[in-house]
Structure formats: structure tokens, C-alpha cells
Amino acid sequence: MSSRPVVTRFAPSPTGYLHIGGGRTALFNWLYARGRGGKFLLRIEDTDRERSTPEATAAILQGLRWLGLDWDGEAVSQFAQKDRHAEVAHQMLDRGTAYKCFSTQDEIAAFRAEAEAKGASYAVFQSPWRDADPASHPDAPYVIRMKAPRDGETVIDDQVQGRVVIKNETLDDMIVLRSDGTPTYMLAVVVDDHDMGVTHVIRGDDHLNNAARQQMVYDAMGWAIPVWAHIPLIHGPDGKKLSKRHGATAVGDYHAQGYPAAGMRNYLTRLGWAHGDAEFFTSAQAMEWFDLSGIGRSPARLDFKKLENLCGQHIAITEDAALLHELEAYLAAADRPALTDGQRDLLSRSLYCVKDRAKTFPELLEKAHFALTSRPVVADEASAKALDTVSRGILKSLTPRLQTVSWTKEGLEPILTETAEAHGIGFGKLAAPLRTALAGRSATPSVYDMMLIIGRDETIARLEDAAG
RNA sequence: GGCCCGUUCGUCUAUCGGUUAGGACACCUGGUUUUCAACCAGGUAAGAGGGGUUCGACUCCCCUACGGGCUGCCA
């Protein structure tokens, strides 16, 4: 057994929607914690007051809820902890692991310019106040900088990246508390992760270098260092950093485009992580299997075809009641009209024959069009072609026979096959105009299913409409 | 510029020194079929390049190329 219960967290900045990459990071943290009976916490990193908005926070929470990633307790506001951050900065001062720096930003800029002019390969700012006698401190604004070790190296023992060694001389004495008394991100994350009892930090590898400086803060405070796992970012289909031009980058976009959350979870879990040859799995299985060692080291590209394939499989295994619920949520998210009571009833009775033929919700709804539309059924361009004068005549000859037949597949089958035979055509040639009459679409469930679902009267009425 | 990370079929990946380099999606061919979806049979397709180490490298080391990240009183 592990020595301490697992605590993971997702810590987004509320400066925009929930990015698909962030969604996957959250998913990994969630899977890791949930699969081990641990806790998954949520912290909103809102210390950047200018860019943080409540709307963004709401969008992120909504994205997580849609993905089905439930967090333990309330979401924590990082900004609300600012006094505690300042307290820790002063503790570092007391411990001698931090110092007050009175250098102005102009002085720092000048230092860098000079270093650059001298052709230095890199310019790590070295504050003259690092070892200054407090008696010499002026009465002026100051920042608190960490007194980082200048020799040796810092080793990040990363569960994904391996052993990463950073030379301490390449790291400057980072600011932990700004001149206005507010904490920097570097200090805030460490303090919060420590205070929240985070045991495993699973986050994007854009933070890999930062981990070294953060680890110095842990050391400076004598705190236990968490298990690090820096996961590669997700790229667009062209291998470049994911951006708007690649299409959907927000988790909410996928909701609005009608991808089921279960399919998204499956796809995102599998993107950059593998458990042997497992491709299609439920979240329960993912929780059981997920581990840090299965995470790949290279960035993965988004592949919408594979996403769709998995979504189709998940739609097919979703229970009707749950599926209907998701369908209605999709309609709302996509800003499409809500279902009427009648549509809901017919749709729910149609799910069994449409859910295994659709990869997304809009596709499913399109195939269930026969159940959602009402007379007069308007045929789309493709299906309209199937309705010529000959087929109209055939439909006309068919309707009287439907009046008394037993309304079951067994009853209908002989009628339809006999009709096709009587006109010397294959069943396919009869099914096409039937589809047009019943659904106004050329891609539909079986004609029997449709007839059974909408019933005898509606079937006959639609056929008569089409026969003209 | 400096530092750090990465590179197996088109894509996601398996492999953890010895395999005919496997699977999935996509694609192509054939079959099935009541359209779509699905399904069945088969096929095309990969270790970035160059050096080492080793009896033997996709696996370990070095260099190069390419991609990404960090280098803020942003997070």
C-alpha cells in the first residue's frame, strides 16, 4: 500500500474557456486520484487580477462537469489565499532563504542589456541585495526574492520525463512576493499545493522547467516534494501547437458539436497514454488501468476520425434514458430547439435502432429525423430523387394493404416483399421511396422499424402524402 | 542566444537488447446488405539522419536535423 493517500489537483487560470489540453490534464488527475481512492481537487489560479474573469471560471467548471470530472470539495480561489502566500514569503525571509530586493525594474533591464552587450549567453539577474546588510536597506519599495542556490544542480525526478537535471546557475533568484505585496505564481502554486496536501502534481510539460524553481521553494520551507508528472501537450493534426485555426480547442466546442462525454473521455485518455492494446474502454476501466508509467513522452496530435469512431461506440452502448438526457443537453448546448413532448416520446422509442448507426449526436438526430418530423414530411434533395412517378404508383398500391395487416415486422414483411415482387423490383428499389415518404431522408433505420415506431395511421398518411 | 524535453505506419500507440516490429483509427480491395452505420475477409503503410557501445539495437551513448517548452514584479 502507498504510504499516503493520493491527492491530485487541476489548477486552471480563469482567463478563457477550458482548453482541450487542460481538459485532458484534468482527466489524468481525476483518473489517477479516482482509481486510487484518493482526492481530486480544483483550484482556480486567479492571482492575475487583470486577466481573470468570473465568466471564465464558470466556463471551466461547466466544461469539467460536462466531461464528468467531479472534484472533491469546493473549488479553491488562489487569490483568496494571498495573505497566506505573503506569510510564507516572510517565513522564508526569517529562515534566510529569501531576501528583500530593492532593485528597480529599470535597473534589472539595464543589467540584462549590459550582459547582452557583453555577449553573455544568458543573463541571470544577480541582485546586489542578496547578501546586503539589512541596516543598509533603504526606505523604498522592494520585492522578496528567493535565495536560490547558485552552485550545484536541482534534480526533478519526474514520473513521465525521467530524471531531469537543471544547473542552478541557470536559474535566477525568482521573485516570490511582488512589490505590491501580492504573491507570484511560483510561490502561490507551491504554498497551495502544500496546504492542500497535494501528493501528485500532474500537469503540462510547459511547467517542467518551473518545477526546478518550485522545488527550491519546497526545500526552502522544508516541505515534502510532491511526485512530479509533466505530461506532453496536445498538438493540432498538423503537429503544431494547438490553436484556433485547428478548429475546436475548447471542451465546450465538443459538447456543442455533439460528441458524447464518454467518448471524449475515452479518446482523451488514450491520447498520450496506453494500456497495452486497449482502445475502447469505460471510465471505470480507465480508472483501474490508469497509471503514470503509461504516459508517453512525446506530444500527441488530435485525430477527429478516431474521436468519432470511439464516440460512435460509446453512443451505441449508452442506455436509452441516459442517451436521451445527453441528447437534450446537446440540443441546449448547440442552441438548437428543445424537444417537444411528442418528439421526446418518439425519439426515445427510436433510440434502439439509431444509436448504433451514429457517431455523434447531430448524426443520430439526423437518422432519427423520421421520429422528429411531422407531416407534411419534407424530403431532402438526396431522398427526393427516389420518388418518381413509378414509385409513387407503387406506394399508392401499397397503402390499402397496410390498413388491415398486423402491425408487426412479421405482418409487414410479406406485404412489402410481395409488393416489390409484383412490380418486378428488388426490395431496395421499394425501400428507397418508402424512406423518402416516411423520413424525407435517404439514410434512416430499417423501414420496418420506422413504420412500427410511428404507427399505422401515421405511416399510411405519410405514404399517401408522398404518393400524391 | 542559453537551458530543458521530444522524434516507431498518415494518426494514436505496443515493444522496456534478440519479434516475420503488434494493435487501433484512417485509407484501399473484395464480401454481405434495405440506405446509413455496422459487420466479415484481405491489403498498403513505420523505428528522422549519422556515428558509436554490443555477439546482437527501435530499445543504451554522442552528434546533426526537425518539433515543442522555459528563459517576466503572466499563469
Side-chain angles (χ1 to χ4, degrees), chain A residues 11-15 45-48 50-52 78 101 104-105 108 116 119-125 141 143-145 156 158 160-162 164-167 169-172 174-180 182-186 188-189 204-213 230 232-233 235 237 239-241 267 270-280 293-294 296-310 312-313 316 354-359 363-364 366-367 382-383 386 416 420 426-432 434-436 439 441-448:
Chain A
S13 309
T15 54
E45 308 223 311
D46 52 358
T47 52
D48 185 338
E50 299 200 349
R51 294 197 302 151
S52 300
Q78 185 161 64
C101 171
T104 65
Q105 299 199 50
I108 296 169
E116 204 169 311
S121 51
Y122 55 91
V124 173
F125 176 64
V143 298
I144 295 181
R145 302 185 98 105
I156 298 299
D158 195 280
V160 174
Q161 307 288 340
V164 180
V165 180
I166 313 275
K167 290 186 189 65
E169 62 184 23
T170 65
L171 267 21
D172 63 6
M174 66 168 177
I175 294 172
V176 292
L177 204 70
R178 301 187 185 103
S179 53
D180 64 358
T182 61
T184 60
Y185 162 76
M186 292 290 183
V189 237
D205 68 6
D206 48 335
H207 288 288
L208 180 57
N209 287 286
N210 292 336
R213 327 177 81 164
H230 289 90
L233 270 17
H235 286 180
K240 299 288 185 186
K241 190 179 171 185
Y267 176 71
R270 188 65 186 65
L271 192 63
W273 172 84
H275 179 73
D277 287 337
E279 298 284 352
F280 173 67
S293 62
R297 296 116 340 254
S298 55
R301 305 180 188 200
L302 241 28
D303 179 352
F304 297 107
K305 290 281 192 185
K306 185 149 187 175
L307 203 212
E308 284 182 11
N309 177 281
L310 287 171
Q313 295 186 61
V354 291
K355 70 181 182 183
D356 57 357
R357 350 164 73 96
K359 294 173 170 164
E363 197 180 325
L364 185 152
E366 182 61 15
K367 292 203 163 141
S383 70
L416 295 197
F427 188 76
K429 288 285 185 198
L430 172 61
L434 269 174
R435 238 176 235 113
T436 307
R441 294 289 183 275
S442 49
T444 74
S446 130
V447 292
Y448 296 112

Inset, instruction - May I ask you to say what A:His230 touches in the nucleic acid, namely base, sugar-phosphate or nothing, with a heavy-atom cut-off under 4.0 Å? - result: nothing
Inset, instruction - In whole angstrom, give the distance that lies between atom CG of A:Asn309 and atom C1' of B:C36. - result: 16 Å
Inset, instruction - With heavy atoms under 4.0 Å as the rule, sort A:Asn210 into base, sugar-phosphate or nothing. - result: base
Legend entry - Presence of donor-acceptor pair under 3.5 Å, side chain of A:Arg357 and base of B:U35: yes
Legend entry - Euclidean distance, A:Leu271 CG relative to A:Leu307 CG, rounded to 0.5 Å: 9.0 Å
Legend entry - Interatomic distance at C1', B:C25 relative to B:U59, whole Å: 26 Å
Inset, instruction - To the nearest 0.5 Å, tell me how far A:Ile175 CD1 sits from A:Ile108 CD1. - result: 5.5 Å
Inset, instruction - Pick the C1' atom in B:A26 and in B:U35, then give their distance to the nearest Å. - result: 23 Å
Inset, instruction - Return the set of residues passing ring-ring contact (aromatic ring centres under 6.0 Å, His included) with A:His235 (not counting sequence neighbours), or none when no residue passes. - result: none
Legend entry - Distance between P atoms of B:A57 and B:U19 (Å, rounded): 11 Å
Inset, instruction - Please list, chain by chain and in numerical order, all residues satisfying ring-ring contact (aromatic ring centres under 6.0 Å, His included) with A:Phe280, sequence neighbours excluded. - result: A:His314
Inset, instruction - Considering non-hydrogen atoms only, spot the tightest contact between A:Ala212 and A:Leu171 and give its length. - result: CB-CD2, 4.1 Å
Legend entry - Pairwise C1' distance for B:C60 and B:C70, with rounding to whole Å: 28 Å
Legend entry - Sugar-phosphate only, base, or nothing, as touched by A:Lys367 at under 4.0 Å among non-hydrogen atoms: base
Polar atom pairs (N or O), protein with nucleotides 12-15 of chain B, under 3.5 Å:
unit_1 : atom_1 : unit_2   : atom_2 : d
B:C12  : OP1    : A:Arg301 : N      : 3.1
B:C12  : O2'    : A:Arg270 : O      : 3.2
B:C12  : O2'    : A:Arg270 : NH1    : 3.3
B:C12  : O2     : A:Lys306 : NZ     : 3.4
B:U13  : OP1    : A:Gly272 : N      : 2.7
B:U13  : O2'    : A:Arg270 : NH2    : 3.2

Inset, instruction - Specify the separation, in whole Å, of atom NE2 of A:His235 and atom C1' of B:U7. - result: 12 Å
Inset, instruction - Looking only at non-hydrogen atoms, find the nearest pair between A:Lys359 and A:Glu308 and report the distance. - result: CB-O, 3.6 Å
Inset, instruction - Report which part of the nucleic acid A:Phe280 touches: base, sugar-phosphate, or nothing (heavy-atom distance under 4.0 Å, all strands). - result: nothing
Legend entry - Between C1' of B:C73 and CG of A:Asp172, the distance in whole Å: 12 Å
Legend entry - Nearest-Å distance once atom P is located in both B:A46 and B:A21: 12 Å
Legend entry - A:Gln161 CD to B:G69 P, straight-line distance once rounded to whole Å: 14 Å
Inset, instruction - Hey, could you give me the CD1/OG distance between A:Ile144 and A:Ser179, rounded to the nearest 0.5 Å? - result: 11.0 Å
Inset, instruction - Grab the CG-C1' distance between A:Leu233 and B:C70 for me, whole Å please. - result: 12 Å
Legend entry - Value in whole Å for how far the C1' atom of B:G2 lies from CZ of A:Phe125: 19 Å
Inset, instruction - Using a heavy-atom cut-off of under 4.0 Å over every strand shown, decide if A:Glu45 touches base, sugar-phosphate, or nothing. - result: sugar-phosphate
Inset, instruction - Find the distance between NZ (A:Lys367) and CZ (A:Arg441) and round it off to the nearest 0.5 Å. - result: 12.5 Å
Legend entry - Partner nucleotide of B:U15 by Watson-Crick or wobble geometry (both distances under 3.5 Å): none
Inset, instruction - Would you classify A:Thr182 as touching base, sugar-phosphate or nothing, given that sugar-phosphate means primed atoms plus P, OP1 and OP2, and contacts are heavy atoms under 4.0 Å? - result: nothing
Inset, instruction - Look at the side chain of A:Val447 and decide which nucleotide, out of B:C5, B:C70, B:U34, has an atom nearest to it. - result: B:U34
Inset, instruction - Return no unless some side-chain N or O of A:Lys359 is found under 4.0 Å from OP1 or OP2 of B:A38. - result: yes
Inset, instruction - Determine the interatomic distance between P on B:G10 and the same-named atom on B:C27; round to the nearest Å. - result: 16 Å
Legend entry - Complementary nucleotide for B:A48 - Watson-Crick or wobble, under 3.5 Å: B:U64
Legend entry - A:Asp205 or A:Ile108, whichever maps to the more 5' nucleotide of RNA chain B: A:Asp205
Legend entry - Base-pairing assignment for B:C39 (Watson-Crick or G-U wobble, both under 3.5 Å): B:G31
Inset, instruction - Report the nucleotide, chosen from B:C74, B:C5, B:C73, that has the shortest atom-to-atom distance to any side-chain atom of A:Asp48. - result: B:C74
Inset, instruction - Using whole Å, report how far CD of A:Glu169 lies from P of B:C70. - result: 22 Å
Inset, instruction - Classify the nucleic acid contact of A:Val189 as base, sugar-phosphate or nothing, counting any heavy atom under 4.0 Å across all strands shown. - result: nothing
Legend entry - Side-chain donor/acceptor of A:Thr184 to base of B:C73, under 3.5 Å: no
Inset, instruction - Starting at CZ of A:Arg213, measure out to OG1 of A:Thr184 and round the result to the nearest 0.5 Å. - result: 9.5 Å
Legend entry - Nearest-nucleotide 5' precedence on RNA chain B, A:Leu307 against A:Thr47: A:Leu307
Legend entry - Separation of atom CZ in A:Arg441 from atom C1' in B:A37, rounded to whole Å: 17 Å
Inset, instruction - Determine the interatomic distance between P on B:U54 and the same-named atom on B:U64; round to the nearest Å. - result: 23 Å
Legend entry - Watson-Crick or G-U counterpart of B:G1, or none if no pair lies under 3.5 Å: B:U71
Legend entry - Nearest-neighbour nucleotide for the A:Asn209 side chain, B:A26, B:U34, B:C70 considered: B:C70
Inset, instruction - Classify the ring geometry between A:Phe427 and A:Tyr448 as parallel (under 30°), tilted (30 to 60°) or perpendicular (over 60°). - result: parallel
Inset, instruction - Have a look at A:Met174 and say if it touches a base, only the backbone sugar-phosphate, or nothing, with a 4.0 Å heavy-atom cut-off. - result: nothing
Legend entry - P atoms of B:G47 and B:U34, separation to the nearest Å: 44 Å
Inset, instruction - Give A:Pro12 one of three labels, base, sugar-phosphate or nothing, depending on what nucleic acid heavy atoms sit under 4.0 Å from its own. - result: nothing
